[in-house]
Amino acid sequence: MTGFVPVAQTNPLAGLRVDAGTVTQAVLVLVVAYVLARLVAAGLSFVAERAGDRRIAVKVFIPLARFVIYAVATASILGGIFQLGSTELVAAGGLLGAALGFGIKDLFASVIGGLVVVFERPYRVGDKVGLGEHYGEVTDVGLRATRLVTPDDTEVVVPNLAIFGDSVANANAGAAEMLAVAEVHVAPTADHERAVDIVREAALTSPYVRLSGEHPVTVIVEDGPHYTTIRGKAYVADLRDEFPFTSDVTRRALAEFDAAGIERPRFAPDEA
């Protein structure tokens, strides 16, 4: 009589080692990784702020170092929990799939987005960027999100997954210098040539401007039914001087407009 040979039942989680010692070790590894990542980031930031034109080049290593530290910590923790056999790998994959299905897929996508930012470098720490509707200086690229400081000194946290769906505009692309634009408005009947000369002179004499053969001062005139827009475009030596430059040029140009009798528009641009 031929009988059925029983198939051995295997527990896919049998290779997991989850006990008090393993949990304690995992917590200690995470704490050490967190403290080390903070110390390395602080040290690199300290060096970067004293590196002059190389500030952004040094800050590039902050998110990279953070990712390496957390990757090593994660590998250490998983090595203490899983045996590197096929059964355990299947079990780990099943647990990860279940976790993603229970609502952390956005977190996972943000981590992948952080890796993309680190290795493809659409922007770096220290760059002036526009992420979706937000614009500011990148102060940190973390595992989950990028932090920006806006011109009004507001910190904005943007999930890294935003790079997959939103536009990314980088004003300086890793360089210390960047283009800044000062914009003023005059009446359609005003002396436009004189206004252009005033804006150009204000930009040329600004203490924040960086003049070179490759980066001259340019003035653009855009006519409209209710007012004429005049934009003075020039490079600043340090991207952090963008708004001091635009404020300086705007203030002095408007003062010269008043002294020269150049008419200002009767309607504000947002009212026209």
Side-chain angles (χ1 to χ4, degrees), residues 53 55-56 122-124 126-139 146-156 158 162 166-272:
D53 292 343
R55 181 181 72 245
I56 297 176
Y123 54 82
R124 308 161 177 82
D127 281 354
K128 283 285 189 76
V129 302
L131 292 177
E133 61 182 8
H134 303 292
Y135 175 77
E137 181 179 346
V138 178
T139 58
T146 294
R147 295 179 183 272
L148 302 177
V149 174
T150 65
D152 58 0
D153 203 28
T154 299
E155 184 177 73
V156 179
V158 182
D166 291 337
S167 60
V168 178
N170 194 324
N172 62 299
E177 61 189 26
M178 68 170 289
L179 181 68
V181 182
E183 181 177 291
V184 293
H185 306 278
V186 298
T189 57
D191 185 347
H192 292 170
E193 291 187 7
R194 176 62 178 142
V196 166
D197 289 340
I198 289 175
V199 172
R200 179 179 289 108
E201 182 65 21
L204 286 169
T205 57
S206 174
Y208 306 103
V209 72
R210 182 185 186 279
L211 298 175
S212 68
E214 296 180 354
H215 301 142
V217 172
T218 58
V219 180
I220 306 298
V221 178
E222 181 179 331
D223 201 12
H226 301 287
Y227 58 88
T228 298
T229 301
I230 302 177
R231 296 185 179 92
K233 304 170 66 176
Y235 275 77
V236 291
D238 190 305
L239 57 86
R240 292 178 177 174
D241 292 333
E242 175 190 7
F243 295 105
F245 169 82
T246 58
S247 177
D248 173 65
V249 172
T250 301
R251 175 180 55 81
R252 291 192 292 119
L254 292 179
E256 286 297 317
F257 286 173
D258 292 339
I262 295 177
E263 295 178 80
R264 307 277 292 281
R266 296 191 317 178
F267 300 98
D270 57 353
E271 297 175 354

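Bear in mind the structure is a predicted one, so any value in this text is a computation, not a measurement.
Evaluation of the salt bridge (Lys or Arg N to Asp or Glu O under 4.0 Å) rule for E222 yields R231 as partners, not counting sequence neighbours. S212 meets the side chain to side chain donor-acceptor pair (under 3.5 Å) test with no other residue; sequence neighbours excluded. Looking at residues two or more places apart in sequence or on another chain, you find no side chain to side chain donor-acceptor pair (under 3.5 Å) involving T218. Taking the salt bridge (Lys or Arg N to Asp or Glu O under 4.0 Å) definition, one finds that R147 meets it with E155, sequence neighbours left out. Legend: residues meeting side chain to side chain donor-acceptor pair (under 3.5 Å) with S247, ordered by chain and number and at least two apart, are absent. Residues forming a side chain to side chain donor-acceptor pair (under 3.5 Å) with D223 (at least two apart in sequence, or on another chain): T228. Annotation: ring pair (Phe, Tyr, Trp, His ring centres under 6.0 Å) contacts of H134 (sequence neighbours excluded): none. In this structure, K233 has no salt bridge (Lys or Arg N to Asp or Glu O under 4.0 Å) partners at least two apart in sequence or on a different chain. With sequence neighbours excluded, no residue forms a salt bridge (Lys or Arg N to Asp or Glu O under 4.0 Å) with E201.
Each salt bridge (charged side-chain N to carboxylate O under 4.0 Å, His left out) pair with one or both residues in residues 203-215, not counting sequence neighbours, appears once here: E177-R210. Screening residues 186-209 for ring pair (Phe, Tyr, Trp, His ring centres under 6.0 Å), with sequence neighbours left out, gives no hits.
The local environment of CG in D152 is crowded, with over 12 non-hydrogen atoms from other residues, nucleotides or ligands closer than 6.0 Å. The neighbour count for R194 CZ, taken as heavy atoms of other residues, nucleotides or ligands under 6.0 Å away, does not exceed 12.
Atom-to-atom distance recorded for D241:CG and T246:OG1 is 10.5 Å, nearest 0.5 angstrom. Distance CD1/I262 to CD/E193: 11.0 Å, rounded to 0.5 Å. How far CZ of R124 is from CG of N170: 7.0 Å, rounded to the nearest 0.5 Å. With values rounded to the nearest 0.5 angstrom, M178 atom CE is found 5.5 Å from K128 atom NZ.
Using a 4.5 Å heavy-atom threshold, the side chains of L131 and D166 count as separate. Counting heavy atoms from C-beta on, the side chains of I230 and I198 never come closer than 4.5 Å. Two residues are said to be in side-chain contact when any heavy atoms from C-beta on lie closer than 4.5 Å; T154 and V149 fail this criterion.
Counting all heavy atoms, side chain and backbone alike, P225 lies closest to P188 at O-CG, 3.9 Å. Here the shortest heavy-atom pairing between E263 and A190 reads O-CB, 3.8 Å. Among all heavy-atom pairs drawn from A234 and F245, the shortest one is CB-CZ, 3.8 Å. Nearest approach of V199 to V249, heavy atoms of both residues: O-CG1, 4.4 Å. Listed here is the closest heavy atom pair of Y135 and A171: OH-CB, 4.1 Å.
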Exercise answer: donor-acceptor pairs, residues 252-259 side-chain atoms, under 3.5 Å, sequence neighbours excluded:
unit_1 : atom_1 : unit_2 : atom_2 : d
R252   : NE     : D248   : OD1    : 3.2
R252   : NE     : D248   : OD2    : 3.4
R252   : NH1    : T205   : OG1    : 3.0
R252   : NH2    : A202   : O      : 2.5
R252   : NH2    : T205   : OG1    : 3.3
R252   : NH2    : D248   : OD2    : 3.1

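No side-chain N or O of T229 forms a donor-acceptor pair with one of E183 less than 3.5 Å apart.
Exactly one residue among D127, D238, V236 makes a side chain to side chain contact (heavy atoms under 4.5 Å, CB included) with N172. That residue is D127.
D197 has a carboxylate O that lies under 4.0 Å from a charged side-chain N of R200, or vice versa, which qualifies the two as a salt bridge.
Between Y235 and H215, the ring planes are parallel. Angles under 30° get that label, and only those over 60° would be called perpendicular.
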